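Have a look at the structure below before the remarks.
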Amino acid sequence: MSETPVLVERDGGLATVTLNRPGRRNGVTVRMCVDLYRAVRNLAASDARVVILRGAGTDFSVGADLGGWDDQGEADAARQGYGELAEVYHAATLLHAMPQVTIAAIDGGCAGAAMGWAAACDFRFATAETRFNTAFLNLGLSGDMGLPWTLTRLLGGAQARELLLSPEKLTGADALRLGLVTRLFAREALHEEAREAALRLAAYDALALRTMKANLLSAERLDFHEYMELESARHLHLVAESGLAARGGRSGSA
């Protein structure tokens, strides 16, 4: 393959990761999975503050490109199975749990594994023309990239079951109504709006932003008492680091 299936660009605290197979509607191949995992793993260890995940061309990604596995290297990699490829599935884990705030800018088709990547992000921005589909059962597959985990937490168990066990296309407006999408934008404005939102986030204090993300992750797994103990310790650390206590503090309210 001559193309680079995943591109990474940095602009100060903002990193943009682009799924880059527009001629195949950014269909997912083994190589794309490997390259995406490596890209987000490297960004998780970087000083980036916000990461945008998007697709090249007119689609985010339509999911598995089975025709794209005609290359012998791709086919051999797919046959290696979970034991050899387990690591790359954690691209979704990283998009969810990395210290950076993650934004999926979703245009056109978004299905299967790519929907799993989008659902793992902190924000999902889409357009009225976006079409979502879990799609796995249509291919005789049970799913990957954590989609049952993320959908259950985003939408609740009943709605997650509806989307996964009755795989049909979901419009951008439907996704907004369900709470799957954070915001809808005009198609021509989507990527600029995502960039502006990312730059606003990146302008916040880096440690405060990372700690807020850490608090949200802790809230998913701890009971309230345990969470409050951890949140308080983090808060007092930031107060000490910022010098707010010495200055008498200031209100964050309007």
Side-chain angles (χ1 to χ4, degrees), residues 1-9 16-40 51-75 77-78 85 88-89 91-92 95 102-121 123-147 150-151 163-164 167-176 180-181 184-195:
M1 293 181 174
S2 58
E3 65 189 354
T4 301
V6 175
L7 302 176
V8 179
E9 299 175 89
T16 302
V17 179
T18 303
L19 306 176
N20 185 46
R21 302 185 69 235
R24 299 290 295 181
R25 302 184 66 193
N26 300 319
V28 176
T29 63
V30 172
R31 185 181 171 198
M32 177 183 280
C33 291
V34 170
D35 285 4
L36 179 63
Y37 170 74
R38 290 173 178 169
V40 294
V51 174
I52 295 174
L53 179 64
R54 56 164 291 174
T58 58
D59 293 281
F60 184 75
S61 169
V62 294
D65 182 3
L66 300 181
W69 290 0
D70 291 340
D71 176 83
Q72 189 60 45
E74 292 277 3
L85 292 173
V88 305
Y89 290 97
L95 287 165
T102 51
I103 299 172
I106 310 162
D107 195 10
C110 178
M115 188 171 171
W117 293 332
C121 291
F123 295 99
R124 280 155 300 285
F125 297 164
T127 74
E129 292 78 18
T130 303
R131 294 294 181 269
F132 295 91
N133 193 338
T134 60
F136 292 115
L137 281 181
N138 293 331
L139 298 174
L141 299 173
S142 60
D144 60 6
M145 302 305 168
L147 197 51
T150 50
L151 286 182
L163 296 184
L164 289 160
E168 297 179 358
K169 288 184 180 179
L170 195 71
T171 69
D174 291 335
L176 182 65
L180 175 60
V181 162
L184 280 188
F185 296 105
R187 193 169 199 179
E188 63 273 13
L190 172 66
H191 295 301
E192 184 56 34
E193 291 283 1
R195 176 178 168 78

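Predicted model, so just to flag it, every value in this text is computed and none were measured.
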With Phe185 via ring-ring contact (aromatic ring centres under 6.0 Å, His included) - residues at least two apart: Phe125
Thr130 versus Asp107, closest heavy-atom pair with distance: OG1-CA, 4.0 Å
All side chain to side chain donor-acceptor pair (under 3.5 Å) counterparts of Asp174, not counting sequence neighbours: Thr171
Results of side-chain contact (heavy atoms from CB on, under 4.5 Å) for Arg38 - residues two or more places apart only: Val34, Asp35, Arg41
Residues in side-chain contact (heavy atoms from CB on, under 4.5 Å) contact with Leu164, at least two apart in sequence or another chain: Thr134, Leu147, Pro148, Leu151
Asp59 (side chain) donor-acceptor with Gly109 (main chain) under 3.5 angstrom: yes
Criterion side chain to side chain contact (heavy atoms under 4.5 Å, CB included) on Lys169 and Phe132, from CA distance to verdict: CA-CA 5 Å; Lys169 288 184 180 179; Phe132 295 91; over 6 Å; no
Closest approach of Ala135 to Pro167 (non-hydrogen atoms, all atoms of both residues): N-CB, 3.8 Å
Where Ala128 and Leu184 come nearest, the two heavy atoms and their spacing: N-CD2, 4.3 Å
Short side-chain to backbone donor-acceptor contact, Arg124 and Ile106, under 3.5 Å: no
Test side-chain contact (heavy atoms from CB on, under 4.5 Å) applied to Val51 - qualifying residues, sequence neighbours left out: Ala15, Val17, Leu43, Met98, Gln100, Thr102
Leu53 and Leu36: CA distance, side-chain angles, deciding distance, side chain to side chain contact (heavy atoms under 4.5 Å, CB included) verdict: CA-CA 10 Å; Leu53 179 64; Leu36 179 63; 4.1 Å; yes
Just distance, no hydrogens or angles: give the donor-acceptor pairs under 3.5 Å from side chains in residues 110-119, sequence neighbours left out.
none

Nearest non-hydrogen partners of Arg131 and Gly172, listed with the distance: NH1-N, 4.1 Å
Residues Asp65, Met32; criterion side chain to side chain contact (heavy atoms under 4.5 Å, CB included); working and verdict: CA-CA 10 Å; Asp65 182 3; Met32 177 183 280; over 6 Å; no
Flag side-chain contact, heavy atom, 4.5 Å: Arg21 against Thr29: yes
Evaluation steps, side chain to side chain contact (heavy atoms under 4.5 Å, CB included), between Asn133 and Asn138: CA-CA 10 Å; Asn133 193 338; Asn138 293 331; 4.1 Å; yes
Nearest heavy-atom neighbours spanning Asn26 and Ser61: O-OG, 2.6 Å
Ala126 versus Val181, closest heavy-atom pair with distance: CB-CG2, 3.9 Å
Rounded distance (nearest 0.5 Å) linking atom CD of Glu9 with atom CZ of Arg54: 8.0 Å
Separation of Glu193 CD from Ile103 CD1 (nearest 0.5 Å): 11.0 Å
Beyond-backbone contact of Arg187 with Thr58, side-chain heavy atoms, under 4.5 angstrom: yes
